[in-house]
Structure formats: C-alpha cells, structure tokens
Amino acid sequence: MSPFELSTAADAAAAIHACSGNPAARFIAGGTNLLDLMKEGVMRPAHLVDINTLPLDFIRPGESGGLLLGALARNADTAWHPLVRERYPLLSSAILAGASPQLRNMASNGGNLLQRTRCMYFYDLATPCNKREPGSGCSAIGGLTRQHAILGASRCCIATHPSDMCVALAALDAVVHVQNAGGNRAIPLRELHRLPGEHPEHDTVLEPGDLVTHIALPDAAQFAAHSVYLKLRDRLSYAFALVSVAAALDLDEDGTVREARLALGGVAHKPWRVPAAEDALRGRLPDDDAGARAAEILLEGAAGQGDNDFKIELARRAILRALKVARTGTVTNSGDNTRRQQRSAAPQQRPYPNDRRAP
Ligand code: SF4
C-alpha cells in the first residue's frame, strides 16, 4: 500500500476543508471498499480524512415525513431499523441482499453510494482501464463480460455499478444531501451516478470536498405492502447481481396499479430506472402482459457484449417475476433467508415458486 497521511475530522467543516479541491484527499468511513482499492494499488490517496467522529450516524423521521438516513449509519443498522423494516421493506431487503453480515456491519450508507465498480480489469493493474487510468483503454471490451453492462455503456467503459442499496433508493425516489465549502445541496439519487460516456473515471456528479451528510427518503407507505427486491447472481450469497429488480406497487382495491416503481441493478453504470415503464403499468393489472410492456420499455436499447448477452432475457424474466411476487405481497430478506410478509388479501403463493428453500 502506498504511504498516506491520516487525519481525523474535528467537524464537518474541517473535513470538507481538508478535501476541497484536492483529488488526492478522500473521506474514509467504513473503508470496506476504499481500503481494498488501496491495498491493490488501484487508488492511492495521499491523505485520508477519517469522518467517523461526525454526528452523521442517525436514522430518524424527517420533519415533513419520510425518513432520514445518516451517511455514517451502518448498512446493517439501516437494514434492521424498525422504521426501515416497516416502512421501506424494499430498502431493507436490498441492503441485506448485498455483501456479508461483517461487511454490512462496517459499511456506511454514504460509502455504499460511492463504492466503485467491481469490474475485474479495474482491479488488475496489469490491464488497461479507462476508469482507473483515463485514456488507457478498456480491457473489458473484447474481454470477459459476464458481469458487465447491457444498458448505458460507452466505447470507453462497460462497467456496472455494484450497489444493491442504490437500486432500492432509486426506486424510492431518495435524495442525497451533500455539504461542501459553498453550502448544502440536494441531489436526487437517480442523478448522483453518471453514465460512463467519455469520462468513466467519474462515477458520480460529486467533486472533491463534497461530503454526503444524509439520504432523505420520501414517505412511501403506499408501497410497503407490495414490494420485492429480486437479486439474481451466480451464488446465493456474497455475490454481485447479474441482474436485480426493485419492484414496488401501490394497488387499488381491484388490484390495478395506482403507482409503480421499477429499477434495475447489475445492468448499467448506475441504477436503471425509466419512468415510462412505470407509466405503462398504471391503471392496469400488473400481469405478464403489462409486465412485458414495462420490461420492453426498461430494456429499450439493451445490448450485450457477448458473454453477457443472456442478461437481456434474464432481466426481462426477472421483471416479470418481481411484478408477480410484488402483486401478492411483500418479500423481506433476512440476510440468509427470504421471508414473506403477508400484508395483502391476495392469494398466497411461494415468493419464488421454483425455490424450495423459500417458506
Ligand atoms: Fe475499466 Fe470500465 Fe473497461 Fe472495466 S469496463 S476495464 S472499469 S474502463
């Protein structure tokens, strides 16, 4: 690991001052991704500013409703918080679908937003990578692409964003609050992460010195009874998504959709959400016909790279499955097991009909 200076922030202003305009300085909280990147030599910050002393580990109701998640609240504390479990089961399930219990105990909410791609070439210093070294080329194009993007990719980078939490946050219309030397600003989660374009080295719209303080969740009670985070991956735990779907439905008494939320993970450089796909569900029963139309819109323009061509059909089927499950209730993830919370009067069925391990 390259040598670096470590300082502890006395307050938010001091932390921001230490990192403002200085791309060689980084905030560190849980360090579950950054330290790996430093050990591999992928990132070599000259100065780390430990922000764990800042009072940003809260989880509390917002003054005008909703919920505020502090940037330093740990992923595990967030996923298991009673208000998150009750009001935002989609978010709880998404967090618990990611990483491992040990990692979730350390990882912060702010760090989860800002974690970097797990493209294997990004971590391999022996291969060119535009994200690691701008202008050097992309080894994934023409290489091994099973985990790579089918949407929003560019000629410079076809990496995917690895977070599960962010997919649920995108579906829930979360807003990321940021403080810097010039003041505060609010960024809708859907606008936080960038597509790679010509500059894949920039994962987000944040600049050095931008400190994520908290994530604001609007009230989403109407979705709590019909939501699911469906994650498809190469093994049942501790693996990144090949494709994931965050689906939430607000259903009328006759079962038609008042409002829907659909977001995909594992398919692009950012959580993928297309409002027109949700519009296509409104006023209809969320059956396979309506789901197929929503999937068609969500996946418009999808293109494989060879190894990952299968993701297009996998995503289409995952969308149909997620809608089918959400229609009949809410599925909550307990980390190792999937459990159904039967909140709906709709007939019971297995959350994942082909999975005999599911209750
Ligand atoms: Fe690097 Fe992106 Fe290409 Fe992966 S896909 S090698 S992260 S430029």
Side-chain angles (χ1 to χ4, degrees), residues 1-2 23-24 26 31-45 98-99 103 107 111-167 170 189-208 231-235 238-244 263-273 299 301-312 314-315:
M1 189 186 286
S2 298
R26 296 270 166 177
T32 53
N33 186 212
L34 180 56
L35 289 180
D36 280 350
L37 290 161
M38 290 173 66
K39 288 176 190 169
E40 298 288 339
V42 178
M43 292 179 70
R44 296 175 185 172
L103 286 167
N112 192 315
L113 301 182
L114 304 181
Q115 63 178 299
R116 308 208 68 188
T117 184
R118 298 315 198 276
C119 170
M120 70 179 87
Y121 301 105
F122 178 61
Y123 284 78
D124 181 356
L125 300 187
T127 61
C129 169
N130 286 322
K131 187 180 281 296
R132 175 170 25 82
E133 196 177 330
S136 64
C138 172
S139 298
I141 297 175
L144 300 171
T145 58
R146 182 172 173 79
Q147 293 283 346
H148 287 77
I150 54 171
L151 288 160
S154 75
R155 67 184 183 90
C156 295
C157 179
I158 58 171
T160 53
H161 192 263
S163 171
D164 294 295
M165 183 179 89
C166 289
V167 183
L189 188 283
R190 289 171 54 205
E191 297 170 18
L192 178 71
H193 300 99
R194 297 175 68 258
L195 289 179
E198 298 291 308
H199 292 284
E201 69 273 21
H202 300 306
D203 294 342
T204 70
V205 298
L206 300 186
E207 301 287 342
K231 180 175 180 177
L232 304 177
R233 45 189 159 172
D234 280 329
R235 58 175 182 247
Y238 199 50
F240 292 98
L242 291 165
V243 168
S244 68
L264 300 180
V267 296
H269 205 251
K270 59 187 293 185
W272 196 258
R273 187 173 161 206
L299 295 168
Q305 304 287 333
D307 295 343
N308 67 349
D309 291 351
F310 73 95
K311 278 191 175 188
I312 300 173
L314 186 67

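Read the numbers this way: they start at 1 and go in the same order the structure lists the ligands and their atoms.
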By ring pair (Phe, Tyr, Trp, His ring centres under 6.0 Å) - contacts of His269 (at least two apart)
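By the ring pair (Phe, Tyr, Trp, His ring centres under 6.0 Å) rule, His269 matches no residue at all.
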
Please list, chain by chain and in numerical order, all residues satisfying salt bridge (charged side-chain N to carboxylate O under 4.0 Å, His left out) with Arg273, sequence neighbours excluded.
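With neighbours one apart ignored, the set is Asp173, Glu278.
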
List in chain and number order the residues that pass salt bridge (charged side-chain N to carboxylate O under 4.0 Å, His left out) with Arg146, two or more places apart in sequence or in another chain; answer none if no residue qualifies.
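Listed in chain order: Asp234.
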
More than 12 heavy atoms of other groups within 6.0 Å of Arg132 CZ
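More than 12 within 6.0 Å, yes.
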
Heteroatoms of the protein, restricted to N/O/S, which lie under 2.8 Å from atom 3 (Fe) of ligand 1
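Those protein N, O or S atoms (cut-off: under 2.8 Å from atom 3 (Fe) of ligand 1) are Cys138 SG.
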
SB check Asp203 Arg194 (cutoff 4.0 Å)
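No, this pair does not count.
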
Between Leu144 and Asp307, which heavy-atom pair has the shortest distance, and what is it?
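So the minimum-distance heavy-atom pair works out to CA-OD2, 3.3 Å.
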
